[in-house]
Amino acid sequence: MISPMPRTALLCPPTFFDVIDSKNPYMSRETSIDHAKAHLQWEFLRRSLEQSGVKVETIDPVAGLEDMVFAANQVFVGTRSTLGKFIVPSRMRFPSRQREVPHYVAWFRQHGYRVIDLDFGDDYLEGHGDLIWHPDFSRVYAGYGFRTTRGAVEKFAVAMQAMGVPVIPLQLVSEHCYHLDTCFCPLNTESVLIYPGAFSAESLTELRKFWPRVHDLTQDEVAQFMGNGIVAGGNYLTPHCTPHLEQILAQEGLKPLLIDTSEFEKSGGSCFCMKAMIE
Ligand code: ARG
């Protein structure tokens, strides 16, 4: 069993993080964010990644971009031997989040990534919120239905096909699982955590084909972002844990490492959403 070996993560400090509208069922206009607490939680995530063997890079936060801290969404990151390092910029559904994309694209450009711009027309694609590499980088799982559209997945799949990478579309049907990364988390090349209720029957059958071991999380676990973890250095960075999840992790040779993300959960995100892996 080969574990995914993330090397570097890109994070964005939560300087301007806030909840001012409702883009997903976790967000409410009435929410107030404890900014000091958000900073401490973000720092703890950063340190925990470093202690788990991940190098952390940061992008400068921009005033007025309250969701910029969720670094998983603005671009899709990949490497191919023929092409080198590349990104596919997202077309975010919400205008406030569309404004984040050029800042991330500029960062990646400065760091030597080739930019593959796709014409999404009226379609939307939301980076690693909905696009998740198999841990051996042999294919990409692509969630659609709430943020990313089916049409965008098809356009993305054509571009990836040209690089020899198959894309597996997965239809999301439960609004609390509005991004694939809320309900689908690879633990290693053979096993994945999922919430079955998040997928259409057909997509559930499809995704099971690719994994020798599929571990089902409960609705409760997934609503607490236990499927939005990060695998690093033998740890599973997760905001919460249950004896059930702990048992799954033990079976896969992983230990839970608790990271309090309560302030970010008010915005519908946790550990996985707060970084982009740069392999
Ligand atoms: N408030 C953000 C939004 O609704 C949260 C994004 C969470 N990111 C993720 N990859 N699930 O867009």
Side-chain angles (χ1 to χ4, degrees), residues 6 9-12 14-33 35 38 41-42 45 59 61-62 64-77 87-101 103-104 124-133 140-149 152-153 170 172 174-186 193-195 198-199 217 221-231 237-239 259 261-278:
L10 177 63
L11 269 67
C12 177
T15 318
F16 305 106
F17 169 61
D18 215 340
V19 172
I20 57 178
D21 58 6
S22 177
K23 303 183 183 83
N24 64 56
Y26 301 89
M27 301 175 84
S28 136
R29 271 169 234 276
E30 278 84 67
T31 299
S32 74
I33 297 295
H35 294 278
Q41 291 178 345
W42 184 87
L45 171 66
I59 178 171
V62 176
L65 300 183
E66 75 280 359
D67 274 324
M68 195 173 166
V69 68
F70 297 108
N73 300 143
Q74 301 81 0
V75 305
F76 171 83
V77 190
I87 57 164
V88 178
S90 299
R91 182 163 187 267
M92 302 294 293
R93 192 172 276 271
F94 293 95
S96 66
R97 299 221 59 192
Q98 287 175 2
R99 292 197 295 273
E100 301 168 15
V101 176
H103 297 284
Y104 276 85
Y124 299 107
L125 189 88
E126 299 215 341
H128 293 289
D130 279 319
L131 303 170
I132 299 182
W133 280 106
V140 176
Y141 302 92
Y144 68 92
F146 292 98
R147 296 299 193 81
T148 295
T149 54
V153 169
L170 298 172
L172 301 175
S174 157
E175 65 169 353
H176 278 84
C177 299
Y178 64 96
H179 269 151
L180 183 63
D181 70 8
T182 61
C183 54
F184 179 94
C185 189
L193 289 176
I194 67 160
Y195 171 55
F199 299 93
L217 291 176
E221 287 170 328
V222 122
Q224 293 181 69
F225 295 96
M226 288 179 228
N228 193 253
I230 305 173
V231 176
L237 283 63
T238 174
I259 312 284
T261 55
S262 62
E263 296 314 293
F264 303 98
E265 291 164 39
K266 295 174 184 170
S267 188
S270 183
C271 303
F272 186 96
C273 316
M274 293 168 68
K275 56 92 189 84
M277 289 316 304
I278 309 170

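As the structure lists them, so they are numbered: ligands from 1, and atoms in each ligand from 1. Below, all heavy atoms of this structure are taken into account, side chains as well, without hydrogens, waters or symmetry copies.
- Shown in contact with Asp181 at under 4.0 Å from a heavy atom are these atoms of ligand 1, numbered in order with element: 9 (C), 10 (N), 11 (N).
- Listed by number with element, the atoms of ligand 1 under 4.0 Å from a non-hydrogen atom of Asp67 are 1 (N), 2 (C).
- Between the side chains of Asp67 and Ser96, no donor-acceptor pair of N or O atoms lies under 3.5 Å.
- Looking at Ser267 next to ligand 1, an N or O pair under 3.5 Å apart turns up.
- Remark: the Gln74 side chain and the Glu100 side chain contain an N/O donor-acceptor pair separated by less than 3.5 Å.
- Both the sub-6.0 Å distance and the 45° axial angle are satisfied by Lys275 relative to the ring of Phe272.
- Between His128 and Phe76, the gap from one ring centroid to the other is short of 6.0 Å.
- By the 4.0 Å heavy-atom criterion, Met274 is excluded from the residues contacting ligand 1.
- Contacts between Met27 and ligand 1 below 4.0 angstrom, taking non-hydrogen atoms only, involve the side chain exclusively.
- Set against the non-hydrogen atoms of Lys23, the atoms of ligand 1 under 4.0 Å away are 4 (O).
- Between His176 and Tyr195, the gap from one ring centroid to the other reaches at least 6.0 Å.
- For ligand 1, one of its N or O atoms has an N or O atom of Asn73 under 3.5 Å away.
- Interface of Arg147 with ligand 1, defined as ligand atoms under 4.0 Å from a residue heavy atom, comprises 3 (C), 4 (O), 12 (O).
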Handout entry: Working for side chain to side chain contact (heavy atoms under 4.5 Å, CB included), residues Asp130 and Leu125
Key = CA-CA 8 Å; Asp130 279 319; Leu125 189 88; over 6 Å; no
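- Salt bridge present: Glu66 and Lys23 bring a charged side-chain N and a carboxylate O closer than 4.0 Å.
- Atoms of ligand 1 found under 4.0 Å from any heavy atom of Tyr178, numbered from 1 in the order shown, are 5 (C), 6 (C), 7 (C), 11 (N).
- Under the 3.5 Å distance criterion, the side-chain polar atoms of Glu126 are left unmatched by any main-chain donor or acceptor of Asn73.
- Distances below 4.0 Å separate heavy atoms of Gly129 from the following atoms of ligand 1: 10 (N).
- At the top of the distance list for atom 12 (O) of ligand 1, counting protein heavy atoms only, stands Arg97 NH1, 2.7 Å.
- Heavy atoms of Val19 found under 4.0 angstrom from ligand 1: none, in either backbone or side chain.
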